[in-house]
Amino acid sequence: MEQLLIKIGQNLFLVFGLMALGGAATMVLAKNAVHSVIGFLFAMLSMAGCYLTIGAEFMGVAQLLVYAGGIVVLFLFVVMLVELSKSREKGLFQRQTPFALVLVVAGAVAFVGVFWRTIFGSSAAEALTLSPNLMAQGEKLGNAQMLSRGLFAEYLLPFEILSVILLVALVGAVVLAKTERV
Amino acid sequence: MPTPTLTQSLIIALLQAILVVVFIFVVVPLTLYAERKVLGYLQLRLGATRVAGSLTGLTGFVNRNMWKLGKVPMLSYWRGIVMLVGDVVKMIIKEDILPTKADKFVFFIAPAISFCASVIVFAAISFVPGTLFVLPKFIPIVGGLPVSGAVGDVNVGLLWILGIASVGVYGIVLAGWASNSKYPLLGGLRSGAQIVSYEVPLTLSLLAPVVMSGSLQFSEMSRSMAVGLPYWGIVPQFLGFFIYLTCGFAETNRLPFDMPEAENELVAGFHTEYSGMKFGFFYLAEYINMTVVAALASAFFLGGPWLMPFGLHGVLNPFFTAHLPAFLVPLLCEPHAIFFVVKIIFILFVYIWVRGTIPRYRYDQVMAVAWKYLIPLTLVNLMLAAAVRYLTV
Amino acid sequence: MGVMQPSALEQILITTKVEKVMNWSRATSVWPMTFGLACCAIEMMAAGAARFDFDRFGCGIFRATPRQADLMIVAGTVTYKMAPTIKLLYDQMPEPKWVIAMGSCATCGGPFDSYHTIQGVDKIIPVDVYIPGCPPRPESLFYGFMKLQDKIMSSSLADRYREIFEEVG
Amino acid sequence: MKKFLKTLIPFDIAKGLTITGTHFAKVFLSANRRKVPFHVVSEYPEVPAKMQPRFRGRLQMLKDEAGEIKCVCCLACEKICPTQVITIESGKKEGRKTKLPTRYDFEMERCIFCEFCVESCGFDAIILNHQFELAVYNREDMSLSMEGTFQNMFGVSPVAKFSVADEEK
């Protein structure tokens with residue numbers, strides 16, 4: 001009993017990861033759009049659990065707050081008001097299927113290749129360790145502080161570029177919506 | 001003190017969870033009863049005073065004879081307290097209707113999400129710092145181990161609470177959608193928009209005391225409140241406290257911001273199609289959320305959970321420990337859960353008070369209050385708090 | 001008198017029967033539906049307001065939706081146009097449910113003995129308590145409500161099911 | 001700017017809260033001590049309800065000192081009744097000059113308590129008494145006549161155990 005519990009406790013990350021996978025599978029496979037949003041939510045919650053098990057409490061809670069609390073709600077909002085039972089939209093999605101399949105296969109091959117090389121390849125040791133600079137700071141600093149150090153000192157440029165890309169996407173969405181209405 | 005093994009700590013965690021649930025099931029019906037009574041008193045009414053068949057049986061016999069003698073029976077105006085038992089039992093044995101065209105899975109899961117989210121929030125609220133009580137030795141596995149005052153006093157307690165509370169909105173939105181009916185859908189949409197937009201000023205207003213005390217942890221917060229801030233967080237954070245309360249009303253869907261269940265426009269909002277105990281779970285969740293908001297307010301603004309008001313603990317504690325009889329010392333001296341509970345009760349009273357006083361807002365007004373007034377104000381407030389922190393520390 | 005007086009023993013002892021507890025809890029928290037048709041509804045609102053205070057009986061929580069209500073107070077004239085709606089609302093209420101016909105119009109059509117009014121709401125839904133009056137005072141409503149509570153307290157599950165299944169046949 | 005400041009400093013909300021808060025404190029302190037209750041509730045089932053002198057309750061036939069029915073069957077009440085709830089059959093009795101009702105039926109369920117019958121009566125033979133506790137379980141109980149033990153035209157009908165009014169007698 002004790003041993004089993006300890007084993008589960010050690011592999012909680014795996015448990016949560018499997019739950020996240022299950023949620024993601026539900027999201028893809030569910031016929032009803034709202035059910036797939038619920039699957040997505042479940043996946044997001046399990047990811048937060050993953051973060052919590054590896055000691056990144058701040059990340060986990062931020063995941064909960066931003067993704068589970070904010071973004072999926074907006075998804076749900078849109079999905080609730082969209083009715084996918086109309087034949088026109090269904091046809092649209094079905095026509096896309098072959099192209100999408102090709103893209104998915106290509107993406108999967110690339111992903112598996114990268115994954116294989118990172119974990120089992122020669123440079124695995126380097127890829128799987130954090131920068132020693134950050135590690136040393138993490139010893140004495142708190143979780144949130146370490147994260148902010150990483151974001152705003154170590155990787156400032158990628159972070160800013162990412163936010164600019166998000167901004168561009170936002171502006172683009174606004175432009176698209178605007179032109180349609182006029 | 002021995003380090004508990006994993007099994008033991010799991011059992012203790014289970015015990016704590018049961019304690020939390022018991023606390024909820026004591027506090028929530030009492031709040032319900034208080035709502036009836038206080039709302040009545042605010043409107044010069046009496047609220048619940050009679051239970052069914054109160055003129056028969058022993059109490060009825062006593063009461064009737066007292067009335068005949070021209071006297072008011074002792075329990076006359078408080079008899080309604082039995083009514084909450086009646087409410088709960090009735091709701092459990094009521095028929096549970098599942099609409100034919102409802103989405104059965106989502107319809108079933110929505111109240112569960114709502115209820116579970118509000119209960120899980122309680123995990124991070126600690127009633128007493130450190131040990132609540134030590135289990136007696138004769139209990140087989142977990143004898144002699146301490147039970148701490150919170151299920152988990154995580155170092156990101158505030159964020160944890162906010163995160164889980166924001167998951168609670170799914171209960172409402174999904175309930176609205178799953179009923180497959182117009183009014184619930186509208187109620188769900190409204191509540192989604194309202195809660196998402198009020199979460200911003202709520203979080204920002206809570207950040208100001210966090211900036212001033214420098215920690216997200218509950219116990220740390222109250223410790224700094226005892227030393228650093230001038231006694232109560234409400235004194236430097238006057239504006240923040242009121243913004244927080246307003247957002248708390250909106251987050252828990254209470255009047256004057258009861259947009260999701262607007263009885264005047266949308267039959268009963270998101271739970272129109274729910275009956276029996278499923279509706280009861282929404283009801284419970286609303287009151288638990290109220291309690292959580294009250295607990296947060298007492299932790300962040302009303303001088304930390306376990307301290308006496310106005311910094312009196314520094315003056316009175318030595319006096320108490322020296323002069324009071326021994327059994328009263330743990331009750332009145334620091335740390336005491338009593339003041340925490342008293343503060344929670346006060347905030348709950350304020351909830352009902354405001355409900356009995358202020359009329360409802362229109363929906364666009366609700367949104368305008370959030371985006372045009374509260375968010376700029378909280379930003380200013382946060383800047384001020386940061387400036388004070390920068391200058392003093 | 002039609003009502004049995006409880007004996008002294010019954011007044012003192014708390015009889016522990018599950019059915020009694022269930023009946024008591026049902027009678028204690030009867031939540032009526034916000035539902036008014038005509039002038040009687042005004043008296044019903046007055047009964048809910050501060051002077052008369054329906055909340056004292058534990059039924060101050062007027063639920064707007066039939067799914068959460070136990071009691072339907074048919075307060076006012078039931079026209080033929082309104083009748084299907086009333087029937088629908090009654091069917092939407094979950095068991096156990098009760099109906100009070102308040103006022104002459106709901107009881108028997110009242111002064112409107114004509115082509116547009118149903119002569120008594122008991123033609124479409126079963127009624128438990130009739131309150132005459134045009135409109136009845138709030139006190140009359142309270143008296144009728146207490147009679148209903150009495151009925152709930154003395155009702156039994158077996159009778160209820162017999163009623164339902166005999167209807168179905 | 002002025003509007004913004006007005007929204008920012010909610011004096012009106014504070015005023016409202018003060019008023020209701022005072023009410024709460026006053027009722028809270030005075031509710032259980034009967035001296036001067038601050039609340040406005042007339043606690044009907046516990047405290048007997050006071051009816052105004054012109055309150056129109058149930059129709060009642062009067063008898064004179066000798067125990068004779070005052071009614072002389074002039075049918076004025078039957079004719080003037082807007083809802084036609086009074087039915088009178090006249091008869092003769094030995095030793096009485098005027099006619100005597102052998103049947104006086106009153107369908108209370110349809111009565112709208114307008115008091116036209118009492119106003120039209122030239123012999124003061126009927127009144128509307130002050131009884132308001134009229135709720136019944138069956139519609140048949142509301143058709144009153146000169147016979148009948150539970151309810152008849154001659155007296156205030158006995159009410160069930162909830163009424164304090166009947167305990168005072």
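Quick note on labels: first sequence line is chain A, next is B, and so on, each numbered from 1.
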Neighbours of chain D found in residues 103-125 of chain C - heavy atoms under 4.5 Å: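 Counting heavy atoms that sit under 4.5 Å from chain D, the residues of residues 103-125 of chain C involved are Ser104(C), Thr107(C), Cys108(C), Gly109(C), Gly110(C), Pro111(C), Asp113(C), Gln119(C), Gly120(C), Asp122(C), Lys123(C).
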Using heavy atoms and a sub-4.5 Å threshold, report which of residues 103-115 of chain D line up against chain C, by residue number.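 When heavy atoms of chain C are the reference, residues 103-115 of chain D contributes Met108(D), Glu109(D), Arg110(D), Cys111(D), Ile112(D), Phe113(D) within the under-4.5 Å range.
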Output the distance between atom CZ (Arg137(C)) and atom CG (Leu134(D)), rounded to the nearest 0.5 Å.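 Here the interatomic distance stands at 12.5 Å.
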Does Phe52(C) have any ring-ring contact (aromatic ring centres under 6.0 Å, His included) partners at least two apart in sequence or in another chain, and if so, which?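 With neighbours one apart ignored, the set is empty.
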Crowded around Gln52(D) CD? As in, over 12 foreign heavy atoms under 6.0 Å?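 Not buried by this count: 12 neighbours or fewer within 6.0 Å.
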When you look at CD of Gln84(D), are more than 12 heavy atoms from neighbouring residues, nucleotides or ligands closer to it than 6.0 Å?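 Not buried by this count: 12 neighbours or fewer within 6.0 Å.
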Suppose we screen for side chain to side chain donor-acceptor pair (under 3.5 Å). Which residues come up paired with Thr20(D), at least two apart in sequence or across chains?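 With neighbours one apart ignored, the set is Trp353(B), Thr357(B).
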Is there side-chain contact between Val129(C) and Tyr137(D), with heavy atoms separated by less than 4.5 Å?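 Sidechains of Tyr137(D) and Val129(C): in contact.
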Please flag which part of Arg51(C) lies under 4.5 Å from any non-hydrogen atom of chain D: side chain, backbone, both or neither.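 Answer is both: backbone and side chain atoms of Arg51(C) are under 4.5 Å from chain D.
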